[in-house]
K.L.:
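Below are the structure tokens for one structure; questions will follow.
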Amino acid sequence: MTKSVPRRLPATFPDAFRVHTVPQMGWFGTGNGKLLRLAADHGFAALVTVDRGMAHEQNPSDLPVPVIIMLGVRNRLQELQPLVPQVIDILSRRPRNRIYHLSA
């Protein structure tokens, strides 16, 4: 699941990955803590976001799913797309429920 990323970013993931945005799920406006619980309850493997504040708002030991924060200079598709292989690598390794920071 993705939060606050460009609308077209999920399409850059391989078909083997089920990627949905928060608005697609009807969860727009949901607080981060509840959003993480919803993601876990709906079987998502991780939450991918550009929300840098999430790392400071959540207790890493209480995360129900891994959180992957993509750090670009701006949150534009062309700047975040190069980070997708790193996201795929993390997801392919069955990540622990912790916060991962990715940057180019």
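Numbers here simply count residues along the sequence, with the first being 1.
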K.L.:
Please collect all salt bridge (Lys or Arg N to Asp or Glu O under 4.0 Å) contacts where either partner lies in residues 28-39, sequence neighbours excluded, each pair once.
P.N.:
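As it turns out, the salt bridge (Lys or Arg N to Asp or Glu O under 4.0 Å) pairs with a partner in residues 28-39, which skip direct neighbours, are R37-D41.
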K.L.:
Looking only at heavy atoms, what is the nearest atom pair of A46 and V65, with distance?
P.N.:
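So the two residues come closest at CA-CB, 4.2 Å.
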K.L.:
How far apart are the closest heavy atoms of P66 and A45, and which atoms are they?
P.N.:
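For P66 and A45, the tightest heavy-atom pair comes out as CD-O, 3.0 Å.
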K.L.:
Measure the CG-CG distance between L71 and L83 for me, rounded to the nearest 0.5 Å.
P.N.:
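One finds 8.0 Å between CG of L71 and CG of L83.
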K.L.:
Hey, are the side chains of V50 and L80 touching, using non-hydrogen atoms and a 4.5 Å cut-off?
P.N.:
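Contact flag for V50/L80 side chains = yes.
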K.L.:
I'd like to check L9 versus V84 (side-chain heavy atoms, cut-off strictly below 4.5 Å). Are they in contact?
P.N.:
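Counting from C-beta outward, L9 and V84 do come under 4.5 Å.
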K.L.:
Could you tell me whether a side-chain N or O of T21 sits under 3.5 Å from a main-chain N or O of Q24, the two making a donor and an acceptor?
P.N.:
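Yes; judged by distance alone, with no hydrogens or angles, the pair exists.
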K.L.:
So, for M1 and A39, which heavy atoms are closest and what is the spacing to 0.1 Å?
P.N.:
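Closest heavy-atom pair between M1 and A39: CE-CB, 3.7 Å.
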K.L.:
Hey, would you say the H20 and W27 ring centroids sit under 6.0 Å apart?
P.N.:
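No, too far apart.
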K.L.:
Sequence neighbours left out, what passes side chain to side chain contact (heavy atoms under 4.5 Å, CB included) with F17? Give chain and number order.
P.N.:
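Side chain to side chain contact (heavy atoms under 4.5 Å, CB included) check on F17 returns F13, P14, V19, I88, L91, S92.
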K.L.:
Does the pair L102 and I68 meet the rule for a side chain to side chain contact (heavy atoms under 4.5 Å, CB included), with working shown?
P.N.:
CA-CA 7 Å; L102 303 181; I68 302 171; 3.5 Å; yes
K.L.:
Evaluate the criterion side chain to side chain contact (heavy atoms under 4.5 Å, CB included) for residue pair T12 and L77; output intermediate values, then yes/no.
P.N.:
CA-CA 9 Å; T12 65; L77 180 64; 4.2 Å; yes
K.L.:
Quick one: are L38 and H42 in side-chain contact, heavy atoms under 4.5 Å?
P.N.:
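The answer is yes; the side chains approach within 4.5 Å.
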K.L.:
Kindly indicate whether the side chain of I99, heavy atoms from C-beta on, has any atom under 4.5 Å from the side chain of M54.
P.N.:
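No, side chains not in contact.
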K.L.:
I'd like to check the side chain to side chain contact (heavy atoms under 4.5 Å, CB included) partners of R7; sequence neighbours left out, ordered by chain and number.
P.N.:
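R7 satisfies side chain to side chain contact (heavy atoms under 4.5 Å, CB included) with no residue once adjacent residues are dropped.
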K.L.:
Ignoring hydrogens and angles, tell me if any N or O in the side chain of E79 forms a donor-acceptor pair with the backbone of G72 under 3.5 Å.
P.N.:
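Flag not set: sc E79 to bb G72 has no pair under 3.5 Å.
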K.L.:
Do the side chains of L47 and F44 join up, straight or via other hydrophobic residues, at under 4.5 Å, putting them in one cluster?
P.N.:
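L47 clusters together with F44.
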K.L.:
Starting from the C-alpha separation in whole Å, work towards a yes-or-no answer on side chain to side chain contact (heavy atoms under 4.5 Å, CB included) for V67 and L36.
P.N.:
CA-CA 9 Å; V67 174; L36 288 165; 3.6 Å; yes
K.L.:
Do T49 and M70 touch side chain to side chain, with heavy atoms closer than 4.5 Å?
P.N.:
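Result no, sub-4.5 Å side-chain heavy-atom pair not found.
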K.L.:
Kindly indicate whether the side chain of N75, heavy atoms from C-beta on, has any atom under 4.5 Å from the side chain of S4.
P.N.:
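Not in contact.
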K.L.:
Does any pair with a residue in residues 93-104 pass side chain to side chain donor-acceptor pair (under 3.5 Å), and if so which ones, sequence neighbours excluded?
P.N.:
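Output for this query lists D89-R93.
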K.L.:
Under the salt bridge (Lys or Arg N to Asp or Glu O under 4.0 Å) rule, what pairs show up with a residue in residues 8-28, not counting sequence neighbours?
P.N.:
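Qualifying pairs, neighbours excluded: none.
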K.L.:
Can you tell me which residue pairs pass the salt bridge (Lys or Arg N to Asp or Glu O under 4.0 Å) test with a partner in residues 51-68, sequence neighbours excluded?
P.N.:
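For residues 51-68: K3-D51.
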K.L.:
Would you sort out whether V22 and T30 count as a side chain to side chain contact (heavy atoms under 4.5 Å, CB included), showing the intermediate values?
P.N.:
CA-CA 9 Å; V22 168; T30 303; 5.7 Å; no
